[in-house]
2 protein chains.
Amino acid sequence: MRTSDLPQMRSLPLFESMGESNFETLMQAAYLQTFPAQLDLITEGDPADFLYVVTDGCVELYARSNGRETTMALVRPVGTFILAAVLKDAVYLMSARTVQKSRILLIPSQNVRAAFERDEAFARAIVQDLAGCYRGVVKEHKDLKLRTAVERLANRLLRYHSEQGATGSLELPYDKRTIASLLGMTPENLSRAFNTLKPYGVDVDGAAVRLNDLDGLVTLAKPNPLIDDRGT
Amino acid sequence: MRTSDLPQMRSLPLFESMGESNFETLMQAAYLQTFPAQLDLITEGDPADFLYVVTDGCVELYARSNGRETTMALVRPVGTFILAAVLKDAVYLMSARTVQKSRILLIPSQNVRAAFERDEAFARAIVQDLAGCYRGVVKEHKDLKLRTAVERLANRLLRYHSEQGATGSLELPYDKRTIASLLGMTPENLSRAFNTLKPYGVDVDGAAVRLNDLDGLVTLAKPNPLIDDRGT
DNA sequence: TTCAATCCTTGATAATTGTCAAGCCGCCGA
DNA sequence: TCGGCGGCTTGACAATTATCAAGGATTGAA
């Protein structure tokens with residue numbers, strides 16, 4: 001890892017409050033690499049050798065069983081993944097691949113665990129991150145168990161809309177098939193769900209979506225902060 | 001909390017390696033209470049005032065949205081719940097009620113956070129617990145997204161079977177409606193799923209289940225350690 | 001430009017799951 | 001003993017979702 005990259009890493013929430021010498025030790029063991037799009041980074045079932053931090057680009061977490069595959073989450077800067085497996089020294093539960101060209105920091109698991117032992121501020125940051133991840137999955141799980149496909153889509157659109165400044169329109173951040181998989185439905189079903197939302201003012205043109213009847217859409221979606229709000 | 005209860009609390013994995021004085025401080029702030037069955041302990045959306053540790057009995061975690069309700073998890077001794085909300089000083093994402101008469105340790109959130117700061121061993125134990133919870137939800141989520149209702153039931157039966165000693169028969173640990181909700185289906189659908197499994201040697205009589213064709217059931221269920229194994 | 005590939009959409013159809021209503025059965029209290 | 005209640009099951013039906021097949025649109029490479 002080049003010394004010119006160090007200040008940028010230092011400013012990440014995970015590292016900003018840890019002791020200088022601990023930070024340096026951790027970074028000496030770490031690799032900062034750029035990967036092309038659609039590259040497989042890890043496979044579920046493998047032992048957790050590294051903690052991953054996405055500093056640029058986007059990574060998809062997915063899982064397989066039987067012949068089926070589903071998208072579990074998408075990680076954007078600055079997000080970590082596979083933290084729990086690293087802390088438990090266990091195997092990965094999810095696979096990961098880059099969506100786009102991405103720059104990723106890899107920190108060997110044992111160094112993460114050592115730094116966790118040694119540096120209290122780092123331990124706090126790790127725990128906050130992990131607790132946030134936990135609450136994220138719980139929300140995803142509630143979303144899937146308590147809502148129909150159309151409701152999940154409606155709420156997801158409202159979320160992207162507010163994340164992008166609530167201007168009345170939004171850009172879908174991923175391929176439609178990825179969004180379908182993330183929402184737990186087939187691409188065909190996503191198309192039909194968009195059609196179902198047309199009477200509620202949802203106009204789709206490629207990745208561009210206009211929301212012409214926010215009140216109507218909200219009435220249908222019944223957004224719930226305990227499912228839809230991130231970061232709480 | 002009575003001093004006669006202290007040694008038992010001390011032996012819980014969460015507390016056994018923490019410093020003596022930190023443990024005493026924590027316990028002085030805590031309450032050990034017995035609650036009757038079907039009592040609501042917490043409601044989603046409320047601020048996380050306490051960390052809960054189930055020492056006897058059983059607690060159901062559930063969530064509501066719109067008019068719907070679903071069981072998220074069941075916590076048996078010795079399990080904690082609502083740890084992430086406590087660490088983040090956030091609101092609960094799930095409600096909780098006792099299933100049976102239960103003895104529960106309540107520790108005020110701020111004391112948990114203080115002990116986390118002060119006691120490194122406690123911090124480690126907390127993180128292991130939290131990481132375990134995280135991996136548990138990820139597995140539940142994979143279960144729901146990658147399997148049909150019948151497959152989920154088949155795998156759950158295999159899990160209970162092996163947890164109970166793999167004797168060829170098992171006892172359902174909860175009401176069928178609770179199991180249905182946990183598995184993400186209606187009680188009616190659970191009944192039908194049991195019927196679908198009859199040709200695979202699954203005989204049900206109340207809460208008693210016999211598995212007369214383990215190989216056949218396994219072939220249907222295709223159990224996956226990355227979904228079904230607890231504790232890894 | 002043209003071809004092939006990919007992504008998305010649509011239609012027809014099937015499978016899965018949920019809803020509603022009714023009935024059975026065991027359990028508990030009067 | 002007798003109701004009555006709750007939990008579970010079943011049947012009929014409806015809604016939701018998936019599957020399969022085909023076709024349109026876009027993109028990128030030859």
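Residue numbers start from 1 in every chain, and the chains themselves are labelled A, B, ... in the order their sequence lines are given, proteins ahead of strands. Below, all heavy atoms of this structure are taken into account, side chains as well, without hydrogens, waters or symmetry copies.
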**Student:** Need to verify one output field. Residue with the more 5' nearest nucleotide on DNA chain D, A:N189 or B:V204?
**Tutor:** B:V204
**Student:** Salt bridge (charged side-chain N to carboxylate O under 4.0 Å, His left out) with A:R156: which of A:E163, A:E151, A:E140?
**Tutor:** A:E140
**Student:** Between CG of B:L83 and OG of B:S109, what distance do you get to the nearest 0.5 Å?
**Tutor:** 10.0 Å
**Student:** Side chain of B:T148 only, heavy atoms from C-beta on: which candidate in C:dA12, D:dT17, C:dT17 is closest?
**Tutor:** C:dT17
**Student:** Need to verify one output field. Residue with the more 5' nearest nucleotide on DNA chain D, A:V150 or A:E188?
**Tutor:** A:V150
**Student:** Ignoring backbone atoms, test whether A:S191 places a side-chain nitrogen or oxygen under 4.0 Å from the OP1 or OP2 oxygen of C:dC8.
**Tutor:** no
**Student:** Within the distance-only criterion (no hydrogens, no angle test), does the side chain of B:Q164 pair as donor or acceptor with the backbone N or O of B:E171 below 3.5 angstrom?
**Tutor:** yes
**Student:** What contact category does B:R177 fall into here, base, sugar-phosphate, or nothing, at under 4.0 angstrom with non-hydrogen atoms?
**Tutor:** sugar-phosphate
**Student:** Between A:K145 (NZ) and C:dT17 (P), how many Å, whole number?
**Tutor:** 14 Å
**Student:** In whole angstrom, what separates B:E151's CD from C:dT17's C1'?
**Tutor:** 14 Å
**Student:** Keeping A:K101 on the side-chain end and A:D56 on the backbone end, is there a donor-acceptor pair under 3.5 Å?
**Tutor:** no
**Student:** Nearest to the side chain of A:K176, which nucleotide is it out of D:dT9, C:dG18, C:dC8?
**Tutor:** C:dC8
**Student:** Go through D:dT10, C:dG18, D:dT9 for me and flag the one nearest to the B:N195 side chain.
**Tutor:** D:dT10
**Student:** Mind calculating the distance between CG (B:L190) and P (C:dT17) to the nearest angstrom?
**Tutor:** 12 Å
**Student:** Going by modelled atom types, is there a donor-acceptor pair between the base of D:dG11 and the side chain of B:R192 at under 3.5 Å?
**Tutor:** yes
